[in-house]
Amino acid sequence: MDNQVIIDRPLKIVVASGKGGTGKTSVAVNMALACDRDISLLDCDVEAPNSHLFFQNNDNLENNCHDEFFDSIEEFSVSVPEFNDNLCNGCGFCKTICKFNAITMILNKPLFFTELCHSCEACFKICAMGAITPVKKMIGKIRRKKINDKLSLTDGILNVSEAKSPPLIKKIIKTYAGKGLCIIDAPPGTSCPVVAASYSADYAILVTEPTPFGLSDLKLAVDTLRQLKIKFGVVINKYDGDFGKVKKYCEDEKIELLGIIPFDIKIAQIYSKGGIIVNELPFMRDLFSKILEKALSEAVK
Ligand code: SF4
Ligand code: SF4
C-alpha cells in the first residue's frame, strides 16, 4: 500500500470491543494479513482464543484445541501461598492484607481459597513467622506459530476453571510484543482482562456493530479507554445502513471512525467457515489495510 505510516518504535495496537460477537478477532486477523508489514499478532482472549482457527485448515474446526497447530508451547505458572500450620501463630495479618478475600481465618488458622488468589504476593512478605511459602501453580499455556515470513501468532490459553487471566495476558504482551508492530486481540468486555490487554497499548481499535446492544457496550468500552487514557477509534462491523446511532454517537463524542465493514452475505459465509476475508475477497484488503494505517497514523501522533 502507498503512503504507509512510518513506524520507528515499537507500537502496540489493541483491538477490543465492549461485547463478544462483534467480529473483533476477524478484524485483527484480516488487518494483520492485509498490510505489508512485519507483525506480531497476540491473541489475548485467553479464555477462548480463536485467532488460530482462521489460519488452520477448515476441516479441523470441530477440534478447536489444536495444540498440534503451534510450533511451540510453554506452560505458564503463577505463585500462590502455601501455609505451614505448625509455624503459624494465628495473627491474621495475611487475611488483613489480602485485598481479594482469598484468605480467611478459621479457629485461628488461615484458610486459603486458591480460586480467589490474584498472586499479588503481598501475603508472602508480611508473615513474620515464615509460615507462608510461595509455590508455583500452572494456570495455562502460551502457544506460538510462525504464520509466514511477516506474521507470527502468539496466544494464551487459560486452564478450565482458572480465573487469573491478567497475569497470563501481561506475560504474553511483555514477552512477545516484539520491537515492531504488534496487534493485540483483547478479550471482550470492559473488566480486568481487557485492562490487562490494553493498558500498555499505543492505540485501541474498538469494533462495534450497528445495533442498540452494540452501541450500549461501545459506550462502556469508550469509558474504559478514556479512564486508561488510551487513544482510540471505532470500526463499525456488519453495517447495513439501518442503524445510524453508532455513527451519530461517534460524531457527537468526536471519536475517529476508522472504517465501516459492510454487512455482506459473502463475508458472513466466509466467517462462518473460519475463512479469511482478505484472502477470499481480495478487494476487501484495501479496507482492512486502510483501517490499520489510519489507526497507526493516530498512534504515532
Ligand atoms: S500472617 Fe503468618 S502467622 Fe499470621 S496468620 Fe498468616 S500465616 Fe499465620
Ligand atoms: S498472593 Fe495476594 S491475592 Fe493471593 S492470597 Fe496472598 S495476598 Fe491474597
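Counting starts at 1 for both ligands and their atoms, following the listed order. Because only heavy atoms are used, hydrogens play no part in the values below, and waters and symmetry mates are left out as well, while side chains stay in.
Contact annotation for M105 and ligand 1: only side-chain heavy atoms (C-beta onward) come within less than 4.0 Å of the ligand. If you look at I132 next to ligand 1, the close heavy atoms, those under 4.0 Å, all belong to the side chain.
Residue K137 places its NZ atom among more than 12 non-hydrogen atoms of other residues, nucleotides or ligands, all under 6.0 Å distant. Remark: K266 NZ is loosely packed, at most 12 non-hydrogen atoms of other residues, nucleotides or ligands lying under 6.0 Å away. Other residues, nucleotides and ligands contribute more than 12 heavy atoms inside 6.0 Å of the OH atom of Y249. Within a 6.0 Å radius of CD in E75, no more than 12 heavy atoms belonging to other residues, nucleotides or ligands are found. Within 6.0 Å of the OH atom in Y271, the count of heavy atoms belonging to other residues, nucleotides or ligands exceeds 12. Around the CG atom of D85, the shell of radius 6.0 Å holds more than 12 heavy atoms that belong to other residues, nucleotides or ligands.
Relative orientation of the F100 and H118 rings is parallel, given thresholds of 30° and 60° on the angle between their planes.
Residues meeting the side chain to side chain donor-acceptor pair (under 3.5 Å) test with N84, sequence neighbours left out: none.
Around atom 4 (Fe) of ligand 2, the protein atoms of type N, O or S that sit closer than 2.8 Å are C117 SG. If you look at atom 4 (Fe) of ligand 1, the protein N, O or S atoms less than 2.8 Å from it are C91 SG.
Within the structure, side chain to side chain donor-acceptor pair (under 3.5 Å) contacts touching residues 91-112 (residues at least two apart or in different chains) do not occur.
Using modelled atom types, one side-chain atom of T208 and one backbone atom of G214 make a donor-acceptor pair closer than 3.5 Å.
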- side-chain hydrogen bond (donor to acceptor under 3.5 Å, both in side chains) between N237 and T22, intermediate numbers included: CA-CA 7 Å; N237 193 14; T22 60; over 6 Å; no
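Atoms of ligand 2 lying under 4.0 Å from any heavy atom of F112, numbered from 1 in the order shown and given with element: 5 (S).
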